[in-house]
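In what follows, a structure is listed as structure tokens, so that the remarks can point back to it.
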Protein chains: 2
Amino acid sequence: MENTAYSKGLEGVIADESRICKIDGTQGKLYYRGYSIEDLAAHCSYEEVAYLLLYENLPTQSELDIFSLKMRGSRDIPPPVREMMLAFPPAAHPMELLQSVMAYLSSYVRHRIEHSVNCNCRETLHQVSQLASVVATYGRFMQGKEYVPPRRDLSHGANFLYMLHGTEPDPLDGELMDKCLLLHAEHDFNASTFAARVVASTLSTCYCSISSAIGALYGSLHGGANQRVIEMAEEIGSKDNVSAWMEKALGQKRKVMGMGHREYKTKDPRANVIEKLLFTLSERKKDFRYVEILQEVERVFRAKMETAGKPLYPNVDFYSGAVYRLLGIPPILFTPIFAVGRVAGWLAHILEQRSDNRIYRPESLYRGPEPRTVVPLEKRQ
Amino acid sequence: MENTAYSKGLEGVIADESRICKIDGTQGKLYYRGYSIEDLAAHCSYEEVAYLLLYENLPTQSELDIFSLKMRGSRDIPPPVREMMLAFPPAAHPMELLQSVMAYLSSYVRHRIEHSVNCNCRETLHQVSQLASVVATYGRFMQGKEYVPPRRDLSHGANFLYMLHGTEPDPLDGELMDKCLLLHAEHDFNASTFAARVVASTLSTCYCSISSAIGALYGSLHGGANQRVIEMAEEIGSKDNVSAWMEKALGQKRKVMGMGHREYKTKDPRANVIEKLLFTLSERKKDFRYVEILQEVERVFRAKMETAGKPLYPNVDFYSGAVYRLLGIPPILFTPIFAVGRVAGWLAHILEQRSDNRIYRPESLYRGPEPRTVVPLEKRQ
């Protein structure tokens, strides 16, 4: 007898083994290679975390020196890629540009396509480095500004702000940007990472697999929420308006953005860390607009949901947009910045997939017509 | 207790329901929307099959007239896209170019991103039409030749040959090309189609989903075999060399290309149809090189495998490359041509995914380190 049981969206279905990420949705904990993200955010840079994801352990100082040198040496965008970016239609979304540029880079930078776990993607780190440069440069080009060549003395996050703004960021701003990127670096078999693994399972290139992951992150059910949280905060305007706004929004069955996550039964642990970062940043910038509105939205919304017996908590997108906004970043770049952080995780998953590969080829449950015969065109009605 | 059973590559796991394609691997039958591919290849054009895949039924004459008009009206490639193709590095593989161009097109042609089953992708048919034009045009550019504007009076297959060669093809050649494309149009949840569905499940655009599918088809475990069959045939050189070549190849444990398929326990039904097309074409061109060599390879290889108790049969890639070669197509275009055919199936699956969507988010079985504490950088050894 045919088996017809299945789980929509593969929810709860194990797709493969993995040594990279553990999510404890009940306790609200997230670990990269065994380290909690609170611990990593407190003590590590994005480069250390990228190393951890790719090599399974945190680097020693000398390992980090070599790794940073490679990563920083890969930041510059070759002129033809900049030309291609400039030729992009102004109405394009930067995620479309990113997906296109990543596949373009596959053929541009000098790299061997080895289709193996030993491919030199982990050596050149072009994807991880250049994704940040492409997003920052897009941010400049969209404002009609010139390309800013990267600097090697800055952290990954600080150099991103430098290439975007054209001025050296305040060191604390640079560090904050770096922390936000590492908090987004990895999250197990989410849709974009899973897409990267499916493509990698055919033995396609790292670039082409990452390009495909970007296509998935672009979707409004996946990477698009951080931009919409900030639009919501701006619509609300001030802390005092929150209760009235919420009454109206819930009455109209509008979705409150940045709330809820399939994996967590608690507040997303990343949201806790980013909330603290946002508070520190707001103090430093003497600008409490966003943090006050968002904390009030969280308080009012959670109380309402708990009363209704349907508890829902902030996810990673809830406070991150406000941080980016206070760092002077335009909202159209928020989803691309998610990709800038996540690319290290994608690459780790691509390499893991190749290390013990089987091509993904699930079954469908056929519900279409029974066999039938073609009626010639002239006799069809 | 935690469930730790899983199936690598999701083999045998149902990922979703589908009304598009049925594969009967035991009987060696393949149906699109209930019609066997033998029946479709005998009576239908690529445009009729694309209509069938997208609208669930074969078109009447008046429905086909409207559909063809739209599809043929979308064939031209806008000048900036041609510029972008020309700027591609000559060493790039055309599959990298295709993946990049598809995401680029997402932002170029005028289309609304509706993220819904009613998006106008099915109306404009840009992806289906332009993929063929991009591949033909790449074929010209790689030979240093000019762009050939499309013609509206030719079938999808004939126009492809026209845009590639710059001369109107023999009508029988055009028809044959058209049949080959429809034979590749759909094959259920293979890796590229599954990648397209995963990306579409985030509500990303049709273009970005198709771009991701191209990334998967590029992989050497998926779309790359047809090119390698023809390289094998050319290495063998003549029918008389087959037995000796086979002894040596099997002795060296070399893989015989174009043989075997996870889904079929018989000869791939598409291989049967394409073998007949190849024979007809060989007669017409008075060139029996390839068909003689390949039929002999099939005969000798199948006999050996049956004797060894490990029967293996030709798949879709075994005879298709020889057809393309006799139509004057360079082997580097064989995998891209697979995409030109398959894109109608990808689009049908993307629309089906959206019609009853749940984002793909499977689980991993965590096998990594237990929770551990970050040792500060300066103390790591």
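Please read these numbers as outputs of a predicted model, since none were measured by experiment. Below, read A as the first sequence line, B as the second, and so on, with proteins coming before strands; counting in each chain starts at 1.
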Under 4.5 Å from any heavy atom of chain B - which part of [X]:
X       : value
A/Ser18 : both
A/Glu63 : neither
A/Leu64 : side chain

Looking at every non-hydrogen atom in both residues, tell me the closest pair between [X] and [Y] and how far apart they are.
X        : Y        : result
A/Asn57  : B/Arg372 : OD1-NH1, 2.9 Å
A/Leu203 : B/Ser220 : CB-OG, 3.7 Å
B/Ser364 : A/Asp188 : OG-OD1, 2.7 Å

CA sep, side-chain torsions, deciding dist, call: A/Gln61, B/Arg380, side chain to side chain contact (heavy atoms under 4.5 Å, CB included): CA-CA 7 Å; A/Gln61 184 67 60; B/Arg380 281 177 219 151; over 6 Å; no

Sub-4.5 Å side-chain heavy-atom contact between [X] and [Y]:
X        : Y        : result
A/Ile359 : B/Arg262 : yes
B/Asp39  : A/Thr373 : yes
A/Arg361 : B/Leu221 : no
A/Met84  : B/Ser100 : yes
A/Glu96  : B/Cys208 : yes
A/Cys44  : B/Val374 : yes

Mutual orientation of the aromatic rings belonging to B/Phe194 and A/Tyr360 [parallel < 30°, tilted 30-60°, perpendicular > 60°]: tilted

What part of [X] lies closer than 4.5 angstrom to a heavy atom of chain A: side chain, backbone, both or neither?
X        : answer
B/Gln381 : backbone
B/His187 : both
B/Leu40  : both
B/Cys21  : backbone
B/Tyr35  : both
B/Glu48  : side chain
B/Pro376 : neither
B/Leu98  : neither

Short question: side chain of [X], backbone of [Y] - any donor-acceptor pair under 3.5 Å?
X        : Y        : result
A/Thr202 : B/Ala216 : yes
B/Lys22  : A/Glu370 : no
B/Arg19  : A/Arg367 : yes

Give the member of [options] that has the highest number of heavy-atom pairs under 4.5 Å with chain B.
options                              : answer
A/Ile23, A/Leu58, A/Thr193, A/Asn190 : A/Leu58
A/Ser36, A/Ser192, A/Pro59           : A/Pro59
A/Ser7, A/Ala15, A/Ser62             : A/Ala15

Exercise: do B/Tyr366 and A/Glu17 side chains pair donor with acceptor under 3.5 Å: no

Distance-only polar pair, side chains of A/Gln99 and B/Ser212, donor-acceptor under 3.5 Å: yes

Point-to-point distance, once rounded to the nearest 0.5 Å, from OG1 of B/Thr60 to CD of A/Glu378: 12.5 Å

Between CE on residue A/Met102 and OG on residue B/Ser211, distance to nearest 0.5 Å: 12.5 Å

Stepwise side chain to side chain contact (heavy atoms under 4.5 Å, CB included) check, B/Glu363 with A/Glu263: CA-CA 10 Å; B/Glu363 300 289 318; A/Glu263 299 294 316; 3.7 Å; yes

Just give me the residue among [options] that pairs up with chain A most often, heavy atom to heavy atom, under 4.5 Å.
options                               : value
B/Pro369, B/Gly368, B/Gly34           : B/Gly34
B/Val198, B/Asp16, B/Val199, B/Leu377 : B/Asp16
B/Val375, B/Asp356, B/Asn357          : B/Asp356

